[in-house]
Amino acid sequence: MFCFQCEQTARGTACTKSGVCGKRDTTAEIQDKFTGALVMLAKVSNRHPPTENSRRIIREGLYITGTNVNFDDAVIKSCIDEAHKERIALFAASATCDDFDMNKVWEADEDARSLKSLILFGIRGIAAYACHAAVLGFTNAEMDGFFCKALEAVANTEITMDELLPLVMETGKVNLLCMELLDKANTETYGKPTPVTVPLTIEKGPFIVISGHDLRDLKLLLEQSKGWGVNIYTHGEMLPAHGYPALKAYPQLKGNFGTAWQNQQKEFDGIPGAVLFTTNCIQPPKDSYRDRVFTTAEVGFPGLVHIDEKKDFTAVINKALELGGYKTDTSMTGINGGKTVTTGYAHDVILENADTIIEAVKAGVIKHFFLVGGCDGAQPGRNYYTDFVKATPKDTVVLTLACGKYRFNDLDIGSIGPFPRIMDMGQCNDAYSAIKVALALADAFKCGVNELPLSLILSWYEQKAVAILLTLLHLGIKNIRLGPSLPAFVSRNVLKYLVEHFNIRPVIAAKKDLADILGK
Ligand code: FSO
Ligand code: SF4
């Protein structure tokens, strides 16, 4: 196997024997075969009008091969069969074609491999968002077309660096389109998020923990669990769901369980409730809770019960009733000991208060904005983000999003006027909100985003973070600090290019970086 698509890759170079994420070598090889099959379907789709089914297969296929999504070989094999069938249905003569061999990418020269990885991992990240939007009825032909164009480029052994570079930037552009589409899908379906304080206490009685990003799965679960006496708690990236009016209207949506994805094996150990995974990041479940974990949509793990597209969550509800939950209310905390967290500071809330914010900046009440966001992970170096937020001066605001916020979202670092100093804008795809706010501020101050008193301190883990980083580069945003380590798939020359053009740099030490930013 060869896989280096995420931040925890073995030795910071590549997983070659088994995945640090728990992926077996056989699964990695089947995933590569599937990507090779998607390449051929994409090539045919670029020449023969694709159907909605071919677009769906490519979208879901890109997503399913992402980190911590699907570990089930049988499921991935059936996806390969489906891709072959669709290709032949589009163009019968392609029946004799072989799938593309992904080793040709992994064994290519390191700069071509690096740019192709940025494109491939970027479209895997975009595809995740595209799938969440698609289940709400929102699709975009330009985006689906780009997946095919990008897959063909990844497989092109003749393509030059000069042709690959614009495609890397186009990946960022298409991700912006996709995040906008998902924002529209979520807000038109569930309303505009509003700020909310979410308890971390688990009330006594049966409960279900729902993890991942898919708001539709949560809505269906809330609907089906009505009247059963089962409480629902969000986990990980599902936390921002509490801000959406149509979701928070359900009284059984009580709070949030635990922290970020990488703590699940510890936090779910012996949990007396059911757990439903709607997207990444699932880790191999331990025996102490394996019998109560369910998957749905693209997520899969061998031996777990999978809820199919009919979305009948009866088995999950019954498991929660059977386990019975805690006997008394159980007070849990965030990683810094806080008992509640807040969320719901999406673009509408902030932009509705734009005048107040602009005045506060002009009057020197707010001196600087930090966007401290991205993915969490297991590396000890990720304490950097906690230390950074703790050290931010009282006249600064910390905007955050994605699962990296669990490093500090239970801290009480005070407020500035009507605003808490930490404002959670949502899931990783809500980077769209941060971009909208940054562009509006730049407009108000008649300057570019790079001239704003705004610094981006990002953490990355998997492919959605790659897509978001490419969006920021596509927008010309400079001086991003990225950690806890730089991607293994960024070659020395590609890094040199990124440093020269975007002044991107690794995080070093919280206090030092903060002093550099504030010029102290
Ligand atoms: Fe985190 Fe996992 Fe949103 Fe990612 S839960 S790491 S970028 O899949 O999704 O931030
Ligand atoms: Fe390794 Fe990450 Fe790939 Fe898993 S997804 S095999 S941890 S590089």
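Note that these values count all heavy atoms, side chains included, but never hydrogens, waters or copies made by symmetry. Just so it is clear, the model here is predicted, and its values are computed rather than measured. In each ligand, atom 1 is the first atom listed, and ligand 1 is the first ligand listed.
Set against the non-hydrogen atoms of Cys6, the atoms of ligand 2 under 4.0 Å away are 2 (Fe), 5 (S), 7 (S), 8 (S). Numbered from 1 in the order shown, with element, the atoms of ligand 2 that lie under 4.0 Å from a heavy atom of Gly19 read 6 (S). Within ligand 1, the atoms closer than 4.0 Å to a non-hydrogen atom of Cys375 are 6 (S), 7 (S), numbered from 1 in the order shown. Shown in contact with Thr67 at under 4.0 Å from a heavy atom are these atoms of ligand 2, numbered in order with element: 5 (S). Numbered from 1 in the order shown, with element, the atoms of ligand 2 that lie under 4.0 Å from a heavy atom of Cys3 read 3 (Fe), 5 (S), 6 (S), 8 (S). Taking every heavy atom of Asn280 and a limit of under 4.0 angstrom, the matching atoms of ligand 1 come to 8 (O). Counting atoms of ligand 1 from 1 in the listed order, those under 4.0 Å from a heavy atom of Ala402 are 10 (O).
Ring geometry, Phe257 versus Phe207: the interplanar angle falls under 30°, so the pair is classed parallel (tilted spans 30 to 60°). Phe301 and Phe71 have tilted rings, their planes meeting at an angle from 30° to 60° on a 0 to 90° scale.
The six-membered or imidazole ring of Tyr63 lies away from that of Tyr129, with a centre-to-centre distance of 6.0 Å or more. If you look at Tyr432 and His347, their ring centroids are closer than 6.0 Å. Between Trp261 and Tyr406, the ring center distance fails the sub-6.0 Å criterion. Between Phe268 and His235, the distance from one ring center to the other falls under 6.0 angstrom. Between Phe277 and Phe294, the distance from one ring center to the other does not fall under 6.0 angstrom.
His213 counts as a contact of ligand 1, since one of its heavy atoms falls under 4.0 Å from the ligand. Under a 4.0 Å heavy-atom criterion, Gln427 is not in contact with ligand 1.
Taking any N or O of Glu237, backbone or side chain, at least one lies under 3.5 Å from an N or O belonging to ligand 1. Considering backbone and side-chain atoms alike, Tyr461 places every N or O at 3.5 Å or more from each N or O of ligand 1.
Using a cut-off of 2.8 Å, one finds that Cys428 contributes no N/O/S atom close to atom 2 (Fe) of ligand 1.
With hydrogens and angles left out, the side-chain atoms of Arg113 and Ser491 include no donor and acceptor closer than 3.5 Å. In this model, no donor atom of one side chain and acceptor atom of the other lie less than 3.5 Å apart for Asp25 and Ser18. Under 3.5 Å, the side chains of Lys219 and Thr189 contain no donor-acceptor pair of N or O atoms.
Of all protein heavy atoms, the one closest to atom 1 (Fe) of ligand 2 is Cys15 SG, 2.3 Å. Among all protein heavy atoms, the one lying closest to atom 7 (S) of ligand 1 is Glu462 OE2, 2.7 Å. Nearest protein neighbour of atom 1 (Fe) of ligand 1, counting heavy atoms only, is Cys403 SG, 2.3 Å. Residue, atom and distance of the protein heavy atom nearest to atom 2 (Fe) of ligand 1 are Cys281 SG, 2.2 Å. If you check which protein heavy atom lies closest to atom 7 (S) of ligand 2, you get Cys21 N, 3.3 Å.
A salt bridge links Asp287 with Arg290: at least one charged nitrogen is closer than 4.0 Å to a carboxylate oxygen.
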